[in-house]
Amino acid sequence: MKNKTALTLSLSAASLLTALPAAAQFAKAEDAIQYRQSAFRVLGHHFSRLGGMATGRAPYDAAAAAADGDVLAAVAKLPFHGFVAGSDAGNTRALPVVWTAAPKFKEMNDKMVDATGKLAVAAKSGSLDQLKASFGPAAQTCKACHDEFRKK
């Protein structure tokens, strides 16, 4: 069952990746919002699974951690592309500062992508200690961006 779930989620992530070139040309602002929210949903799911293992709330499973890390690293690169002009209104939790402080937002996004990449490497190491050591810094990059750029 775990392998089937990992495969399904990996295929979902792959389909998001193949949609990336199209993401640059959203037909409507709502499409961009839905795109980034979908990517964040997938990201959150895999991050939570790794977090459960890193914090002891879930049993450590090296194979599941590796699979989750791979999906996390790939999907972490996607949401940024959905923050296009005009997608600041509508069903979104993004604050207007995303667009008015775009360079800082991009910098924080890049830190998150880097930290989740390192978390993915740790997740594939087969070492719970390495997973634990990388989880906190990755979580902090997420929290920092949420604190500054997301509605509560």
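Although no hydrogens or angles enter the test, the distance criterion places no donor-acceptor pair under 3.5 Å between the side chain of K111 and the main chain of C142. The backbone N or O of G44 sits less than 3.5 Å from a side-chain atom of S48, completing a donor-acceptor pair. For D31 (side chain) and K28 (main-chain N/O), a donor-acceptor pair under 3.5 Å exists by modelled atom type. Without hydrogens or angle criteria, T116 side chain to V113 main chain gives a donor-acceptor distance under 3.5 Å.
Contact check for D147 versus K152: side-chain heavy atoms found under the 4.5 Å cut-off. Annotation: side chain of F105 is not in contact with side chain of W99 (no heavy-atom distance under 4.5 Å). Residues L43 and V71 form no side-chain contact, since every pair of their non-hydrogen atoms from C-beta on lies 4.5 Å or further apart.
Taking CG of L50 as the start and OG1 of T55 as the end, the distance is 10.5 Å to the nearest 0.5 Å. To the nearest 0.5 Å, atoms OG (S38) and CD1 (I33) are separated by 11.5 Å. Summarising the geometry, atom CG belonging to N109 is positioned 8.0 Å from atom CZ belonging to F83; distances are rounded to the nearest 0.5 Å. Atom CG of L72 sits about 11.5 Å away from atom CZ of R49, to the nearest 0.5 Å. In this structure, the separation between CZ on F47 and CG on D68 is 11.5 Å, given to the nearest 0.5 Å. Note: M108 CE to F80 CZ = 12.5 Å, rounded to the nearest 0.5 Å.
For the pair A123 and G69, the tightest heavy-atom approach, listed with the atom from each and the gap, is CB-CA, 4.2 Å. Residues A122 and Q130 come closest through the heavy atom pair CB-O, 3.4 Å. Considering every non-hydrogen atom in both A94 and V98, the closest pair reads CB-CG2, 4.2 Å. The two residues A65 and Y60 make their nearest non-hydrogen contact at CB-CE1, 4.2 Å. Listed here is the closest heavy atom pair of P79 and A39: CG-CB, 3.8 Å. Between A54 and L128, the shortest heavy-atom distance links the atoms CA-CD1, 4.5 Å.
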Audit row: F149, K104, side-chain contact (heavy atoms from CB on, under 4.5 Å) steps and yes/no: CA-CA 10 Å; F149 294 105; K104 183 172 185 182; 4.2 Å; yes

Check against side-chain contact (heavy atoms from CB on, under 4.5 Å), L119 and L131: CA-CA 7 Å; L119 179 57; L131 178 65; 3.6 Å; yes

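Residues M53 and V121 do not share a hydrophobic cluster, defined by chaining ILVMFWY side chains whose heavy atoms lie under 4.5 Å apart.
For K143, the NZ atom is loosely surrounded, since the number of other residues' heavy atoms within 6.0 Å does not exceed 12.
Partner T92 forms a side-chain hydrogen bond (donor to acceptor under 3.5 Å, both in side chains) with one of R36, Q37, Q34, R150 and no other, that one being R36.
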